[in-house]
There are 2 protein chains.
Amino acid sequence: MGPMGDMTEPRWLTDEEQRTWRAYLHATTLLEDHLDRQLQRDAGMPHVYYGLLVQLSQAPRRRLRMTELARSAKITRSRLSHAIARLEKNGWVVRENCPSDKRGQFARLTDDGMDVLRRTAPGHVTAVRQAMFDRLSPEQMTQLGEIMRVMAEGLEPSGPDADLPWLR
Amino acid sequence: MGPMGDMTEPRWLTDEEQRTWRAYLHATTLLEDHLDRQLQRDAGMPHVYYGLLVQLSQAPRRRLRMTELARSAKITRSRLSHAIARLEKNGWVVRENCPSDKRGQFARLTDDGMDVLRRTAPGHVTAVRQAMFDRLSPEQMTQLGEIMRVMAEGLEPSGPDADLPWLR
DNA sequence: GACTCGTTCTTGAAAGTTGAACTACATAGG
DNA sequence: CCTATGTAGTTCAACTTTCAAGAACGAGTC
């Protein structure tokens, strides 16, 4: 019997799988910490908030419905509500009512928000480059893209019982 | 002139780099959310806390110095202090004084903590498998390991001015 | 219309994290 | 010994995230 007592023995990770998993955790944790710090220093907001501004900047009329924005950022609507409230205080985003659905809200990027983005984007790109693309070979970059797409797909099932953040 | 005004034009990401970066953000965000939720439900703690118990379970005498634990978990000592305080309340960890350095503290995994780990490890391994190893080919797993090691290395420079979480 | 059910988004409290300040001890140099 | 400087860990306040409601509207049915 294994560590599970009377349950069936689970398939543990092999040594190489464990090493890969550890490396994944280390790299992702360090990178997120690094970017959070870089952006907090240079842009005055955490990485997730910055990502929201980026999404908005690329949307038509620089605005998105809340749920849509939550979906593209992979976060819950609750989290987004708080985040937008904070960004609105900074004057980087404003809320707008949706005419076709009175429950709906748009988040729109203001000119000030666009300015912050313009000012800080180069530094951020540099940080991402230094951490990732400057270190990987072109083959590795392609491989990483493929791998991450496979993982992301598996994590957002299309079924009606899917537990996705922006549907919670 | 570029978006930087009078500054030198930064090297923006190519289309493929952007796609890879997006995929990376999506996959890592979704996975962290998924594991946090799985462990909160099944083990009553977030993923990082679970990782701390795992580290302790593999250390000699099931204990580690605070800073050492912070280093292996890639987090700040402040964050660790709070986390250990919470885990101590649950009875899964105890603090012990270090005899050779009166400033030092050990965090030691209790038997209860070990039990929680034994109970919940199989479910966690399954979750990790389903998200990652069941979807990747053996080649991809090897590639991912290599890539993550390269990134992690770049993010923990050895210099004396390195801004690493556990030194803050 | 009235009723039900689902969707959209927000709120408030609890939990977790961060950064700076702080205590206590260690180490090195005079 | 004494002082200066560094290290180990904690604490406080401000901030962010989560979770469990809840308010408001839409859509379908009778």
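Nothing here was measured: the structure is a model prediction, and the numbers come from that model. Reminder, nothing fancy here: chain letters follow the sequence lines and each chain counts from 1.
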Self-check item: Of the listed nucleotides dC19(D), dC9(C), dA26(C), the one nearest the side chain of Asp101(B)
Solution: dA26(C)
Quiz prompt | Closest listed nucleotide, where the reference is the side chain of Tyr49(A) and the choices are dT11(D), dG12(C), dT17(D) | solution = dT17(D)
Quiz item: Is Thr76(B) side chain donor-acceptor paired with the dT17(C) base, going by distance under 3.5 Å alone?
Solution: no
Exercise. For Gln40(B), look at atom CD and say whether over 12 heavy atoms of other residues, nucleotides or ligands are found less than 6.0 Å away.
Key: yes
Exercise. For Arg37(B), answer base if it contacts any base atom (sugar-phosphate contacts may also be present), sugar-phosphate if it contacts only those atoms, and nothing otherwise; contact means non-hydrogen atoms under 4.0 Å.
Key: sugar-phosphate
Self-check item: Pairing of Asp134(A) and Arg11(B) as salt bridge, 4.0 angstrom limit
Solution: yes
Quiz item: Should Leu56(B) and Arg62(B) count as side-chain neighbours, where that means a heavy-atom distance under 4.5 Å?
Solution: no
Quiz item: Could you give the CG-to-C1' distance, from Leu39(A) to dC15(D), as a whole number of Å?
Solution: 16 Å
Quiz item: How close or far is atom P of dG16(C) from atom OH of Tyr50(B), stated in whole angstroms?
Solution: 17 Å
Quiz item: What nucleic acid atoms does Arg95(A) come within less than 4.0 Å of, heavy atoms only: base, sugar-phosphate, or nothing?
Solution: sugar-phosphate
Quiz prompt | Any Arg77(B) side-chain N or O less than 4.0 Å from OP1/OP2 of dT18(C) | solution = no
Self-check item: Candidate nucleotides dT18(C), dT16(D), dT8(C), ranked by approach to the side chain of Arg65(A) - the nearest
Solution: dT8(C)
Exercise. Send over the distance from Met66(A) CE to dA24(D) P, rounded to a whole Å.
Key: 18 Å
Practice problem: Let me know, please, whether Arg103(A) or Pro46(A) comes out on the 5' side of the other along DNA chain D by nearest nucleotide. | Solution: Pro46(A)
Quiz item: Rounded to the Å, how far apart are Ile75(B) CD1 and dG9(D) P?
Solution: 13 Å
Practice problem: Look at the side chain of Ser78(B) against the base of dT11(D) and say whether a donor-acceptor pair falls under 3.5 Å; ignore hydrogens and angles. | Solution: yes
Quiz item: From the list dT18(C), dG9(D), dT10(C), which nucleotide is the closest neighbour of the side chain of Arg79(B)?
Solution: dT18(C)
Quiz item: For Lys102(A) and dG26(D), what is the distance between atoms NZ and C1' respectively, to the nearest whole Å?
Solution: 11 Å
Exercise. Between Thr67(B) and His82(B), name the one whose nearest nucleotide on DNA chain D is closer to the 5' end.
Key: Thr67(B)
Practice problem: For the pair Arg41(B) and Asp36(B), find out whether any cationic side-chain nitrogen is under 4.0 Å from an anionic carboxylate oxygen. | Solution: no
Quiz item: For Asp33(A), which of Arg79(B), Lys74(B), Arg168(B) qualifies under salt bridge (charged side-chain N to carboxylate O under 4.0 Å, His left out)?
Solution: Arg168(B)
Quiz item: Among dT11(D), dT17(C), dC9(C), which nucleotide sits nearest the side chain of Gln105(A)?
Solution: dC9(C)
Quiz item: So what does Arg86(B) hit on the nucleic acid, given a heavy-atom distance under 4.0 Å: a base, only sugar-phosphate, or nothing?
Solution: sugar-phosphate
Practice problem: Please state how far atom CD1 in Ile84(B) lies from atom P in dT11(D), giving the value in whole angstrom units. | Solution: 13 Å
Quiz item: In whole angstrom, what separates Gln40(A)'s CD from dA20(C)'s C1'?
Solution: 14 Å
Quiz item: Using 30° and 60° as the class limits, which term best fits the ring planes of Trp21(A) and Phe133(B): parallel, tilted or perpendicular?
Solution: perpendicular
Quiz item: Expressed in angstrom and rounded to an integer, what is the separation of Asp163(B) atom CG from dT18(C) atom P?
Solution: 12 Å
Quiz prompt | Comparing Leu167(A) and Arg168(B) on DNA chain C - which has the more 5′ nearest nucleotide | solution = Leu167(A)
Quiz item: Considering heavy-atom distances to DNA chain C, does Gly104(A) or Asp33(A) have its closest nucleotide positioned more toward the 5' end?
Solution: Gly104(A)
